[in-house]
Amino acid sequence: MTPVLELNGASFAYRGHTAPVVEDISFTVETGHSLALVGESGAGKTTLLRLLLGLARATAGTVRFDGDELKPRDREQMRRFRRSVQCVFQDPYSSLDPRRRVGSIVSEPLRSLGIDSRSTAAPKVAEALERVGLPADAAERYPHEFSGGQRQRIAIARATVCDPRVLLADEPVSALDVTTRVKVVDLLNELKQEQRLTLVMVSHDLSVVASLCERTAVLESGRIVEQGETGQVLGSPAHPYTRRLVDSVPRLPA
Amino acid sequence: MNILDVRDLGIRTADGRTLVDGLSLTIAPGERLGLIGESGSGKSLTTLAVLGLLPDGMTATGGVELAGTQIVGASEKQLRGVRGRDAAIVFQEPLTALDPLMRVGRQIAEPLSRRRGLRGAELKRAVVDALEQVRLPEPDRIARAFPHEISGGQRQRVALAMALACDPKLLIADEPTTALDVTVQSDMLDLLDTLVRERDMAVLFVSHDLAVVSKVTDRVVVMKDGRVVEEGDVRTIVREPREEYTKALVASARQLESALDLRNA
């Protein structure tokens, strides 16, 4: 089966800099096998996500979508791509337009992809909001009327309203309190099951990674030092950096 | 006598909303207390009230006695005498806590010259000492650097060195490791533990993370919506939480942690 997303020897360097931010990265994202990109600040996690979203172009190597090289200038391909791959960001306070009602925010992908008009989008918006556990009247309200956890649910509703196959999430629960975090992790798990969604998640939080992703790739200074089944990678780390990462997680007293 | 004695503390905004209500806690000399709660629980405001640093428009009622000085209603002059000497604070975000336009060495020199009256070569030596104490490599280079030129973990060590510069009796740490990477956090917690132990310093450690708190303190106070929900030994609270809220908090933390154990199995 062709992987949905594939990075092959991909590198990215800023213009004028010879040292790449990420270097020689290869991995595949296959349907049903959610992937976590794990690492610390500056490891290149977000840069990888930008490559996967077509927001940055690899300076070496390739990014493939459904087997074809991703070309940000190919409008037809990008339209298919945007329908299939959506994203959720870390901070639900800056990722929702404060001046627009939730209904308009959530229907944005449907309208900009030319799938629906404002009127035909309404039932899909209601369904997406219901799926993420928000009341039906949420569509009429503004983002500031919601808590951080609810805002992240709105962001997830927006990302899933056009039934994408892949959800790219950049630290989707890091800004949330622990009781809220657990609920959003549960929601993402439900969506994985019910919507057959494949998650590609960037995170520094190993317990969230272990809760959500079948596969894990560990990044250190722009390179993948280890990747494989999450249980294998986190359970018996082969690379010393992964081991240090796992050992550093603070644990509750027994 | 307790180093910190907070009795029936209330914090109100100018428009009359109550943000902290009826909060009482005590810390004995050399004792460590954890203050745990989620966003909006009032834990940070409580630490600000202890140093008389509440934002304009907010008023405190009740009593906050810090090393014998009544903080609520104290004059700015009295407060200046207390801050740094009796209690010092390390904030969550070292990038905003440090002055971006001032070299790190000068920022550490400030409390040293003001409190201990050091000058010249003596002051320079004290700055390097302070940086060495927080285990910063190349203290001379770091003293000359601006905050943006060093890493987040190094910045937080600098902030800690500033707080420890005048040997306060109480160290207040407000989420001191939340902005740090997990491996850096682990080193920072060990460092904090060692330094506080060496000095026999009392600690008020604020965090949203039960596991982090339990690495530093034995006794914790759980806050929600400006009130104390539960108080006791951290192990007992994690093992047998009594209140509904604490139960939810512990259950959430456990659920996330168990995912890690499952994968390890």
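Only this structure's heavy atoms are used, side chains among them; waters, hydrogens and symmetry mates stay out. Small disclaimer: the values here were computed from a predicted structure and weren't measured. Throughout, a chain's letter reflects where its sequence line sits, starting with A, and its residues are numbered from 1.
- Distance check, rounded to the nearest 0.5 Å: CG of B:Leu256 to CG of A:Leu206 gives 11.5 Å.
- A:Gln195 CD: more than 12 foreign heavy atoms inside a 6.0 Å radius.
- Residues passing the ring-ring contact (aromatic ring centres under 6.0 Å, His included) test with A:Tyr93, sequence neighbours excluded: none.
- Atom CD of B:Gln255 and atom OG of A:Ser207 lie 10.0 Å apart (nearest 0.5 Å).
- The environment of CG in B:Asp15 is crowded: more than 12 heavy-atom neighbours from other residues, nucleotides or ligands sit within 6.0 Å.
- Chain B is approached within less than 4.5 Å, heavy atom to heavy atom, by A:Glu40, A:Ser41 from residues 28-49 of chain A, ordered by number.
- Residue-level contacts of residues 168-182 of chain A with chain B, in order of numbering, are A:Asp177, A:Val178, A:Thr179, A:Arg181, A:Val182; threshold 4.5 Å between heavy atoms.
- In the displayed structure, A:Arg196 atom CZ is contacted under 6.0 Å by at most 12 heavy atoms of other residues, nucleotides or ligands.
- The distance from atom CG of A:Leu234 to atom CG of B:Asp261, rounded to the nearest 0.5 Å, is 11.5 Å.
- Dense packing is recorded around NZ of A:Lys192, with more than 12 heavy atoms of other residues, nucleotides or ligands lying under 6.0 Å away.
- Expressed to the nearest 0.5 Å, how far CG of A:Leu252 lies from CD of B:Glu257 amounts to 4.5 Å.
- Residues of residues 212-249 of chain B placed with any heavy atom under 4.5 Å of a heavy atom in chain A are listed by number as B:Val212, B:Ser214, B:Lys215, B:Arg235, B:Val238, B:Arg239, B:Ala248, B:Leu249.
- Taking the side chain as every heavy atom from C-beta outward, B:Gln185 and A:Ser248 never approach each other to under 4.5 Å.
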